[in-house]
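Reminder, nothing fancy here: chain letters follow the sequence lines and each chain counts from 1.
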Amino acid sequence: MIELKNISKSFGKTQALRDVSLSLSAGKCIGLIGPNACGKTTMIKSILSMVVPDHGTIYFNGKNIHKEVQYKNDIGYMPQIGRYPENMSIKQVIDMIRDIRSYSGVEDTELYDAFGLEHFDGKKMRTLSGGTTQKVSATIAFLFNPSVLILDEPTAGLDPLASEILRDKIIKEREKGKLILITSHLLSELDDMLSDIIFMQESEVIFNKTITALFDETNESRVSKAISKLLKNIK
Amino acid sequence: MRGITKFVIIDILKNRIILIYTLILCVFSWSIFSLEDNTSKGIMSLLNVILLTVPLVSIIFGNIYMYNSAEFIELLVSQPVKRSAIWSSLFLGLTLALNTSFFIGIGLPVLLFVPSMTGITVIFSGMLITTVFVSIAMLCAILMRDKARGIGLSIMIWLFLSLIYDGLVLFFMFQYADYPIENQWPSLLHSTL
C-alpha cells in the first residue's frame, strides 16, 4: 500500500534518514520503534510529504506521491505534538478540516463522543491541556474513515482512561483491514495491537519483522523483552 | 482554496486590529478633507500619510500574521491541500483584508471629495502599495526562521523604501545637478513617490 524506495533526508549536517526502503501493506498494524532522534517522525512526515526527501521515491497505492495531494484523503494523521491555530475553537478546527476534506461518507465520531469533546466544543485551542489537544488530534485522525492511520506517539499525554479508549479504537480499526502505523516508546502498550515491528536506529531500519517471527526468534512473549534480547544479539 | 481564504479573512477580522486601522485611516482622510478647502492640497497631505503608514502597517501586520500562522500552516500541510494553495490563500486573505480597510478608510472619502482621475490614481497606488508590502512581508517571513529577525528585516525594508531611498534619490539629484541628465531626475523622483 505504501512503498518507500531508498529514502534519504538530511537537515543540514544531521542525517535523519539514510537509504530507507520499506513496504507497508494493508491490514497490518506496524509498530515503528527506536531511540529518540532515529528518524521515525521524519519518515512519517515524508510519507505525508510534510518533509520532502532528498533522494528516493514514495509510492502510495502504486502512485508516486511527489507533488500529489489527493492521496492524503486516505490518511489519518495524529501528530506527536498537535499544534493548532491558537484562537480557533475545537469546533472551528474540526469544521475547517471537514471543509478541506469535503468527505462525503459517514463520519466516524466514535472518538469524539467517547472523549466527551462536545463539552469543550467552544473552547479555544490555546486554553486546552496537552491531553485534550491529543484527544482532538486523535479525533481528527479517525474522523474521515481513512484507510491508513499514522499515529505518532498516540498515547503520550493521555490519561489512562483515554489511552484505553484509543487502544480499543485502534484494535477495532485494525480488524477492518486498515493499515496502521504507530510509533511509541511505551512498548508494553503495544503488545496486543501490533502485527509487525520496524526497528530503527541511527537513521536506518535495523529490522522489519512480523511479531510472531520476533517471538519465535527470541523465545519471548512480550514485545519489550523480545526487542531488548534481539538488540543484544545484534551487538 | 476558497475555504482556506475565508478562514484567513475571518481570523484577521477577529483580531480587530484591522478594524482599528480602518478607523484611523478614516479619521486621517476625513479630518484632512474637512480642514482643507483646496481638495488637491488635501490629497497631497493624504498622499504623505499613505506613503508612510500604509506600507508600515501592511509589512508589519503581514509579517507578524505569517509568523502567527505557523500552526495553521502546519495543520494544513498534513491535510490534502497543495502547499501553493495554502500560501496563496494566506496572501489573498491578507491582501483582501488590508485592501478593503484601505478602500473603506481612504478610498471612499477620496471618491467623495475628489471624484477625479487624480483621486482614482491615489486609491489605485495605495492598494498596489498594500499588496506589494504584504508580498515583501511574506518573503521576509520565509527568509528568516527567527521571528525577531524577520520583523526586524521587514522594518528595515520599510525604512529603506519609504525614507532612505527617497533621501538617496534627492542626494544624487543635488550631487549631479551640474550634469545635463538633471532633467531626467524629477520624473524619476516623481515615480517613486
Would you say that Ile90(A) contacts Met125(A) through its side chain, given a criterion of any heavy-atom pair below 4.5 Å between the two side chains? yes

Min side-chain heavy-atom separation Val57(B)-Thr130(B) under 4.5 Å: no

One should read off an interatomic distance between Cys140(B) SG and Ile60(B) CD1, to the nearest 0.5 angstrom, of 9.0 Å

Check whether Ile97(A) gets within reach of chain B through its side chain, its backbone, both or neither, counting any heavy atom under 4.5 Å. side chain

Any non-hydrogen side-chain atom of Ile136(B) less than 4.5 Å from a side-chain atom of Trp158(B)? no

Does any heavy atom of chain A fall under 4.5 Å from the side chain of Ile73(B), the backbone, both, or neither of them? neither

Looking at Phe133(B) and Ser58(B), what are the two nearest heavy atoms and their distance? CB-CB, 3.8 Å

Please tell me if the side chains of Phe142(A) and Ile170(A) come closer than 4.5 Å, counting only heavy atoms from C-beta onward. yes

Under 4.5 Å heavy-atom distance to chain A, tell me which part of Phe72(B) shows up: side chain, backbone, both or neither. both

Go through chain B and chain A and list any donor-acceptor pairs closer than 3.5 Å, backbone and side chains both.
unit_1	atom_1	unit_2	atom_2	d
Glu74(B)	OE1	Arg83(A)	NE	3.1
Glu74(B)	OE1	Arg83(A)	NH2	2.8
Val77(B)	O	Lys72(A)	NZ	2.6
Gln79(B)	OE1	Arg101(A)	NE	2.8
Gln79(B)	OE1	Arg101(A)	NH2	3.2
Arg83(B)	NH2	Ser49(A)	O	2.9
Arg83(B)	NH2	Met50(A)	O	3.1

Near Asp146(B) CG, under 6.0 Å, is it more than 12 heavy atoms from other residues, nucleotides or ligands? yes

